[in-house]
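Note that the coordinates shown come from a computational prediction; the quantities given were computed from them, not determined experimentally.
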Amino acid sequence: MAMATPMASHRLWQWRAFHSSTTFHRIHSTQSPFLNISSSPVHVAARNLSLAVSTVPLLTSNPQTDEQQQTTNNNNKKDQFLLGKSEGELRKLAKELGQQTYRGKQLHDLLYKAKLKDLDEQNQLPLKFREDLKNAGWKVGRSSIHHAVSSADGTIKALLRLEDSRLVETVGIPAEVEGSSSRLTACVSSQIGCPLRCTFCATGKGGYSRNLKPHEIIEQVLVVQELFKHRVTNVVFMGMGEPMLNLKAVLEAHHSLNKDVKIGQRMITISTVGVPNTIKKLAAYKLQSTLAFACSKSEA
């Protein structure tokens with residue numbers, strides 16, 4: 001079965017260029033003769049980069065009836081996702097539902113270590129706790145793998161079917177590093193499609209649906225770990241979408257990947273084409289992660 005939406009190849013090329021060094025690179029792309037990547041720590045990028053204001057084309061959603069809108073609002077209000085919650089938050093939740101706080105620690109381990117997909121998968125948690133969670137609208141926040149393909153170099157691309165039946169891609173990229181242990185990088189998406197229409201990127205040509213929620217970003221890393229049966233060591237936000245246009249969810253996912261999934265901040269890279277007024281916002285969080293820039297040769 002063919003992949004429904006091809007991964008924007010420029011992002012994978014970005015990672016391969018960035019992976020070898022933190023300096024400026026030019027590499028080939030299928031959409032443009034050359035693709036330029038520049039990377040630097042977030043605070044340095046904010047200080048040195050001067051961006052011209054550009055217009056971001058936004059795609060409007062289909063109109064809904066009042067009844068459909070009310071149903072959507074009710075669903076959004078009810079659904080809550082456990083994936084992305086910290087141990088402290090889960091301990092507090094357990095206490096609120098009448099459980100001992102250590103049950104929150106158990107739930108945290110099940111989410112991030114055992115990679116729990118459904119509350120009914122196991123019986124380590126009391127039945128009443130699981131039922132209370134479900135009655136309160138809590139879901140794990142994991143999606144099914146719609147399709148996965150692998151390449152000769154060991155890279156695996158997976159297509160996930162989200163709760164609303166939309167599809168999003170993530171890629172696992174293995175690498176052997178001389179003189180050290182093997183590395184596994186998860187290339188994650190931040191949006192379904194992309195509202196930007198960069199000439200060197202295929203994602204924008206397919207249209208834009210919506211931003212991903214924090215748990216939908218985090219689960220991509222867990223999927224890569226499951227497919228490779230190996231711990232993810234690096235994460236790059238170089239999949240579908242522009243991370244800076246979904247900054248709140250990206251930052252929440254970044255925090256959870258660091259604190260809950262235990263991936264070091266220095267092992268996380270956020271890629272952008274340079275959205276005005278977002279670099280300084282990102283820099284204010286003083287992350288130890290790297291910011292990578294991408295543009296076509298003509299824009300460099």
Side-chain angles (χ1 to χ4, degrees), residues 15 18-19 22 39 41-42 81-94 101-119 121-122 124-125 138-143 145 154-156 158 160 170-177 179-190 212-239 243 246-271 282 285-292:
W15 181 85
F18 172 79
H19 165 73
T22 57
S39 60
V42 170
F81 301 97
L82 296 168
L83 195 64
K85 297 300 180 184
S86 67
E87 181 181 329
E89 290 172 323
L90 293 174
R91 284 179 178 271
K92 181 181 178 181
L93 177 60
T101 57
Y102 77 87
R103 294 297 186 187
K105 171 66 165 62
Q106 281 185 320
L107 182 53
H108 186 271
D109 289 344
L110 288 169
L111 288 170
Y112 300 105
K113 294 180 180 179
K115 309 203 176 35
L116 181 72
K117 293 184 176 65
D118 187 273
L119 286 170
E121 273 186 1
Q122 48 70 53
Q124 288 179 274
L125 298 176
W138 287 98
K139 299 179 180 181
V140 171
R142 292 295 305 272
S143 306
I145 297 177
T155 297
I156 298 179
L160 307 183
T170 187
V171 180
I173 309 169
E176 294 295 331
V177 182
S180 63
S181 58
S182 59
R183 174 167 51 207
L184 177 59
T185 297
C187 178
V188 300
S189 298
S190 56
L212 290 180
K213 301 170 185 176
H215 71 277
E216 294 171 331
I217 298 173
I218 298 164
E219 74 163 331
Q220 296 176 55
V221 175
L222 301 184
V223 165
V224 170
Q225 291 188 155
E226 291 169 341
L227 289 173
F228 283 86
K229 296 180 173 57
H230 190 286
R231 178 179 174 273
V232 166
T233 58
N234 298 68
V235 174
V236 291
F237 284 82
M238 295 181 178
N246 189 19
L247 191 55
K248 183 177 184 294
V250 165
L251 288 171
E252 289 182 26
H254 180 286
H255 180 80
S256 183
L257 290 172
N258 176 229
K259 299 298 183 182
D260 303 309
V261 187
K262 305 300 183 185
I263 298 172
Q265 286 196 30
R266 295 181 186 276
M267 301 295 106
I268 301 175
T269 297
I270 299 174
S271 174
L282 179 62
Y285 290 88
K286 300 185 184 302
L287 304 180
Q288 297 180 45
S289 299
T290 299
L291 184 64

Test item: Val232 and Gln225 side chains (from C-beta on) under 4.5 Å apart, heavy atoms: yes
Nearest heavy-atom contact between Thr170 and Val224 is OG1-CG2, 4.0 Å
Check: Lys92 main-chain N/O paired with Thr101 side-chain donor or acceptor under 3.5 Å: no
Value for NE2 (His255) from OH (Tyr285), rounded to nearest 0.5 Å, stands at 12.0 Å
- prompt: Under 4.5 Å between any side-chain heavy atoms of Ile217 and Ser189, yes or no?
  reply: no
Residue pairs meeting salt bridge (Lys or Arg N to Asp or Glu O under 4.0 Å), one or both in residues 252-270, sequence neighbours left out, come to Lys248-Glu252
Decide yes or no for Leu282 and Val250: does some side-chain heavy atom of the first lie under 4.5 Å from some side-chain heavy atom of the second?
no
Taken in chain and number order and not counting sequence neighbours, the residues that satisfy side chain to side chain donor-acceptor pair (under 3.5 Å) with Gln122 are none
Rounded to the nearest 0.5 angstrom, the CG-CD1 distance for Asn234 and Ile173 is 10.0 Å
Heavy-atom nearest pair, Leu184 first then Gly172, reads CD1-C, 4.4 Å
Separation between CG (Leu287) and CD1 (Ile270), nearest 0.5 Å, reads 6.0 Å
Notebook entry, point to check: Can you check whether Leu212's main-chain N or O pairs, donor with acceptor, with Asn246's side chain at less than 3.5 Å?
Noted result: yes
Rounded to the nearest 0.5 angstrom, the CG-CG distance for Leu93 and Leu107 is 7.5 Å
Minimal heavy-atom distance between Gly141 and His215, with the atoms involved, is O-CD2, 3.3 Å
Here the gap from Gln265 atom CD to Lys286 atom NZ, rounded to the nearest 0.5 Å, amounts to 12.5 Å
Taken in chain and number order and not counting sequence neighbours, the residues that satisfy side chain to side chain donor-acceptor pair (under 3.5 Å) with His254 are Ser289
Applying ring pair (Phe, Tyr, Trp, His ring centres under 6.0 Å) to Phe228 and not counting sequence neighbours gives none
Residues Asp118 and Leu116: closest non-hydrogen pair is O-CD1, 3.1 Å
Heavy-atom nearest pair, Cys187 first then Gly239, reads SG-N, 3.7 Å
Can Glu226 and Arg142 be counted as an ion pair, charged N to O under 4.0 angstrom?
yes
Sequence neighbours excluded, the answer for side chain to side chain donor-acceptor pair (under 3.5 Å) partners of Glu89 is Ser86
Heavy-atom nearest pair, Ala158 first then Val223, reads CB-CG1, 4.4 Å
Would you say the side chain of Pro214 lies within less than 4.5 Å of the side chain of Phe81, judging by non-hydrogen atoms?
no
One should read off an interatomic distance between Phe237 CZ and Thr290 OG1, to the nearest 0.5 angstrom, of 12.5 Å
- Query: With distance as the sole criterion, is a donor-acceptor pair present between the side chains of Ser143 and Glu219 under 3.5 Å?
  - Reply: yes
For Glu87, the side chain to side chain donor-acceptor pair (under 3.5 Å) test, sequence neighbours excluded, returns Arg91
Within-4.5 Å side-chain heavy-atom neighbours: Val235 and Thr269: no
